[in-house]
Amino acid sequence: MTTPGSPGRLLLLDSASLYFRAFFGVPDQRKDPAQPPTNAIRGFLDMLASLVTQFEPTHLVACWDNDWRPQFRVDAIPTYKTHRLADGGVEEEQVPDDLSPQVPVIADALAALGIPRLGADGYEADDVIGTLTARHKGSMAVDVVTGDRDLFQLVDDAAGVRVVYTARGGVRDPDLVDQAFLLAKYAVPDGPSYADMAVLRGDTSDGLPGVAGIGEKTAAKLITTYGSLAALREALEGGDPALKGAQRARLEAGAAYLDVAPRVVQVAPDAPVPHVDTSLPTEVADPALLSRVASEFGVTSSVNRILSALGLG
């Protein structure tokens, strides 16, 4: 919660994470299938209203996937997100038919409200979030709203960065991920250690194989013992006698993967994200567009809810 006189709180939304959750979590109330689907629009706006009410940000950005599968990650690990490709293609992400037409409407609603929607060509929303976090941490508190564990790497108590993790309890009852959460849940002390552990462990949901035979607990123990993945690899190459037998063999066999995986796992801190005013809007940017979205898609209640949360209703 932001208190008077505090430097502020920046709320960064992993937009796709929220609108996918809205689509699958909010019932489709259409009585006529010929009508446009609206459940993701309603759910996204309701989630946004709930987040603004609960966390009272002074600044807000909807972070966007301009490229959901960046080439630099595919070049490093070709299996990156391949299971999410549509129809065996090489570019398009598999998105439900009834969700696709709702995404531009969500973008229109954000524009009409005056909430900045930021992406960067060649980068994912995760990288936009990483860049904005690097840009603003220390000057204000940063809350990253996502259902994606990858962004746990940004957690930094000293800089006031935490993750509002929606995968289990949604936006109404999220996990607030700080360093104590990481230590209790994953036995790693901070965000960078989580990223190093994730490299070793791998992530099947992103097509990252990890080091064969190294599970999450072993990965966490190795990272906490040596302090970082780089230090672990130095110890391995230096013949540390504590690294022996099957464990040494597994790490050596995974050397080529470990050479490239950090570039895939680590979010970019320096993507070309535009510099814009991220302050909460003080007036509706485009009343006509907002009215059209509300009436055309039957989401007046949700629009009124976010207007009220922003203090614009």
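What you see is a predicted model, and the numbers here were worked out from it, not measured in a lab. What you see below is based on every heavy atom in this structure, not just the backbone, and it leaves out hydrogens, waters and symmetry mates.
With rounding to the nearest 0.5 angstrom, the OG1 atom of T146 is 8.0 Å from the CZ atom of F152. One finds the CG atom of D98 at 10.0 Å from the OG1 atom of T38 (value rounded to the nearest 0.5 Å). Remark: Q153 CD to S193 OG distance equals 11.5 Å, nearest 0.5 Å. In this structure, CE in M140 is found 11.0 Å from CZ in R9, a value given to the nearest 0.5 Å. The CZ atom of R69 sits 11.0 Å away from the CG atom of D206 when rounded to the nearest 0.5 Å. Going from atom CZ of R201 over to atom OH of Y186 covers 7.0 Å, rounded to the nearest 0.5 Å.
The nearest pair of heavy atoms linking L110 to A62 is CD1-CB, 3.7 Å. Here the shortest heavy-atom pairing between P269 and A134 reads O-CB, 3.8 Å. Taking all atoms of both residues into account, the shortest heavy-atom contact from W64 to V128 is O-CG2, 4.0 Å. L45 and I306 get closest at one heavy-atom pair: O-CB, 4.2 Å. The nearest pair of heavy atoms linking V267 to R73 is CA-NH2, 3.9 Å. Contact detail for L10 and H136: the closest heavy-atom pair is CD2-CD2, 3.7 Å.
Judged by distance alone, with hydrogens and angles left aside, the side-chain atoms of D127 form a donor-acceptor pair with the main-chain N or O of A268 at under 3.5 Å. Although no hydrogens or angles enter the test, the distance criterion places a donor-acceptor pair under 3.5 Å between the side chain of T131 and the main chain of A271. Between the K137 side chain and the L154 main chain, no donor and acceptor come within less than 3.5 Å of each other. A distance-only check finds a donor-acceptor pair linking the side chain of R21 to the backbone of T166 [under 3.5 Å]. The main-chain N or O of S301 is never found under 3.5 Å from a side-chain atom of R42 such that the two would form a donor-acceptor pair. A donor-acceptor contact shorter than 3.5 Å links the side chain of R248 to the backbone of L243. Looking at S17, its side chain does come within 3.5 Å of a backbone N or O of G147 through a donor-acceptor pair. D175 places no side-chain N or O within donor-acceptor distance of the main-chain N or O of V177, the cut-off being under 3.5 Å.
Ionic pairing of R172 and D46 is not present here: no N-O contact between side-chain nitrogen and carboxylate oxygen is shorter than 4.0 angstrom. In this structure, D108 pairs ionically with R292, as a charged nitrogen and a carboxylate oxygen lie closer than 4.0 Å.
Looking only at atom types and distance, the side chain of D28 has no donor-acceptor partner in the side chain of N39 under 3.5 Å away.
Classified by interplanar angle (parallel below 30°, tilted 30° to 60°, perpendicular above 60°), the ring pair F44/Y19 is tilted.
Put simply, V142 and F181 are part of the same group of oily side chains (I, L, V, M, F, W, Y) that touch within less than 4.5 Å, one to the next. One hydrophobic cluster holds both F55 and V145 under the rule that ILVMFWY side chains link at heavy-atom gaps under 4.5 Å. Linking Ile, Leu, Val, Met, Phe, Trp and Tyr residues whenever their side-chain heavy atoms come within less than 4.5 Å places I106 and I115 in a single cluster. In this structure, L11 is a member of the same hydrophobic cluster as M47, with clusters built from ILVMFWY side-chain heavy atoms closer than 4.5 Å.
A side-chain contact (heavy atoms from CB on, under 4.5 Å) with Q179 is found for exactly one of D156, V161, V188, namely D156.
Counting heavy atoms from C-beta outward, R149 and S205 have side chains that stay 4.5 Å or more apart.
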